[in-house]
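A short worksheet on the structure shown next.
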Amino acid sequence: MKIQIVNGPNLNLLGTREPDIYGSNDFNSFLATLRQQYPQVEIDYYQSNVEGELINKLQEVGFSADGIVLNAGAYTHTSIALHDCIKALKTPVVEVHISNVHRREEFRHHSMMAAACRGVICGFGLDSYRLAVESFL
């Protein structure tokens with residue numbers, strides 16, 4: 001099984017960015033642990049701060065991977081382009097968020113992508129990614 005994790009803007013700053021919201025662990029350390037938990041799964045990782053690059057990556061893997069775990073960051077709330085891209089893919093996508101976006105600013109309460117995704121997981125910290133991986137097994 002092959003799962004692609006795609007992270008959007010500012011998620012490269014995990015571990016230093018607003019640790020009271022996002023925690024103090026960097027993503028690469030978490031990713032190593034996740035890969036150890038699921039040795040039978042090939043877990044690839046990609047991060048970009050650029051919307052078009054995220055779309056290019058989704059299109060690249062969206063017809064061959066078994067699942068995509070997508071944390072589009074702030075693009076979640078603004079990107080019709082990501083919504084349209086997800087709808088065009090064969091591979092199912094699970095939207096994830098580290099924080100519970102519904103306990104934050106009102107503009108974060110709506111996802112432009114959720115209706116195109118298989119499901120949404122939020123509020124469980126970095127464990128949201130593990131839960132998404134589990135959903136594909």
Side-chain angles (χ1 to χ4, degrees):
M1 174 169 276
K2 183 174 182 174
I3 295 177
Q4 176 72 52
I5 296 174
V6 177
N7 273 347
N10 301 310
L11 291 163
N12 56 309
L13 299 176
L14 288 175
T16 59
R17 174 189 179 203
E18 300 178 272
D20 54 317
I21 295 173
Y22 299 103
S24 56
N25 294 327
D26 68 277
F27 195 80
N28 287 327
S29 297
F30 169 76
L31 183 59
T33 302
L34 189 65
R35 285 176 171 151
Q36 286 178 339
Q37 285 180 296
Y38 298 96
Q40 76 281 18
V41 180
E42 181 182 338
I43 301 174
D44 292 328
Y45 176 61
Y46 179 80
Q47 188 278 328
S48 177
N49 295 316
V50 180
E51 182 180 31
E53 291 176 4
L54 296 172
I55 290 168
N56 288 341
K57 187 61 171 182
L58 290 171
Q59 290 179 359
E60 176 190 322
V61 301
F63 298 92
S64 58
D66 297 300
I68 298 171
V69 178
L70 174 62
N71 184 341
Y75 289 135
T76 300
H77 318 292
T78 63
S79 182
I80 295 168
L82 280 168
H83 170 98
D84 290 348
C85 175
I86 294 164
K87 284 184 69 171
L89 303 178
K90 179 185 133 241
T91 301
V93 176
V94 172
E95 177 184 327
V96 301
H97 300 284
I98 296 167
S99 67
N100 180 349
V101 294
H102 302 287
R103 294 187 69 191
R104 298 184 62 193
E105 304 93 339
E106 189 169 333
F107 69 85
R108 296 186 195 276
H109 296 182
H110 180 73
S111 167
M112 297 299 285
M113 304 178 321
C117 292
R118 173 193 253 183
V120 178
I121 300 170
C122 71
F124 294 97
L126 290 175
D127 203 39
S128 295
Y129 293 89
R130 183 192 61 77
L131 294 168
V133 168
E134 279 286 329
S135 77
F136 293 116
L137 300 179

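Scope of the values below: all heavy atoms of this structure, side chains included, with no hydrogens, waters or symmetry mates.
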For Asp66, enumerate each residue passing the salt bridge (charged side-chain N to carboxylate O under 4.0 Å, His left out) test, keeping only those at least two apart in sequence or located in another chain.
-> none

No-hydrogen, no-angle side-chain donor-acceptor test under 3.5 Å, Tyr129 and Asn71 = yes

Who pairs with Ser135 by side chain to side chain contact (heavy atoms under 4.5 Å, CB included), at least two apart in sequence or on another chain?
-> Val94, Arg118

Measure from the side-chain N and O atoms of Ser79 to the backbone N and O of Thr76, and report whether any donor-acceptor pair falls under 3.5 Å.
-> no

If you look only at distance, which donor and acceptor atoms sit under 3.5 Å apart when one is on a side chain in residues 35-42 and the other is two or more places apart or in another chain?
from: Arg35; atom 1: NE; to: Ile43; atom 2: O; distance (Å): 2.9
from: Arg35; atom 1: NH2; to: Ile43; atom 2: O; distance (Å): 2.8
from: Tyr38; atom 1: OH; to: Glu134; atom 2: OE2; distance (Å): 2.5

With sequence neighbours excluded, tell me which residues meet side chain to side chain contact (heavy atoms under 4.5 Å, CB included) with Glu60.
-> Lys57

Same cluster for Leu54 and Phe63 if Ile/Leu/Val/Met/Phe/Trp/Tyr side chains link at under 4.5 Å?
-> yes

Cluster question for you: counting only ILVMFWY and a side-chain heavy-atom cut-off of under 4.5 Å, with indirect links fine, are Val69 and Ile98 together?
-> yes

Close side-chain approach of Tyr45 and Asn7, heavy atoms under 4.5 Å = yes

Kindly compute the distance separating SG (Cys85) from CD1 (Ile80), expressed to the nearest 0.5 Å.
-> 14.0 Å

Which pair of heavy atoms, one from Gly8 and one from Gln47, lies closest together, and at what distance?
-> O-NE2, 2.9 Å

Please report the shortest heavy-atom distance between Ala74 and Pro9, naming the atom on each side.
-> N-CG, 4.4 Å

Do Ile121 and Leu137 share a hydrophobic cluster (ILVMFWY, side-chain heavy atoms under 4.5 Å, transitive)?
-> yes

Transitive ILVMFWY side-chain link Met1 to Leu34, under 4.5 Å = yes

Do other residues, nucleotides or ligands put more than 12 heavy atoms under 6.0 Å from Tyr46 OH?
-> yes

Go through the structure and list residues passing salt bridge (charged side-chain N to carboxylate O under 4.0 Å, His left out) with Asp84, not counting sequence neighbours.
-> none

Under the ring pair (Phe, Tyr, Trp, His ring centres under 6.0 Å) test, residues paired with Tyr75 that sit two or more places apart | none

Find out whether Leu89 and Leu58 are in side-chain contact, i.e. whether some heavy atom of one side chain is under 4.5 Å from a heavy atom of the other.
-> yes

Same cluster or not: are Met112 and Leu82 linked, directly or through other Ile, Leu, Val, Met, Phe, Trp or Tyr residues, by side-chain heavy atoms under 4.5 angstrom apart?
-> no

From the list Ile5, Ile3, Val93, side chain to side chain contact (heavy atoms under 4.5 Å, CB included) with Ile68 holds only for Val93

From CA spacing to verdict: side chain to side chain contact (heavy atoms under 4.5 Å, CB included), Val96, Phe124 | CA-CA 9 Å; Val96 301; Phe124 294 97; over 6 Å; no

Inter-residue atom distance Ile86.CD1 - Leu70.CG, 0.5 Å rounding = 5.0 Å

First locate atom CD of Glu51, then atom OG1 of Thr78, and finally report the distance between them rounded to the nearest 0.5 Å.
-> 6.0 Å

Can you tell me how far OG of Ser128 sits from NE2 of His97, rounded to the nearest 0.5 angstrom?
-> 9.0 Å

If we only count heavy atoms from C-beta on, is the Val61 to Asp44 side-chain gap below 4.5 Å?
-> no

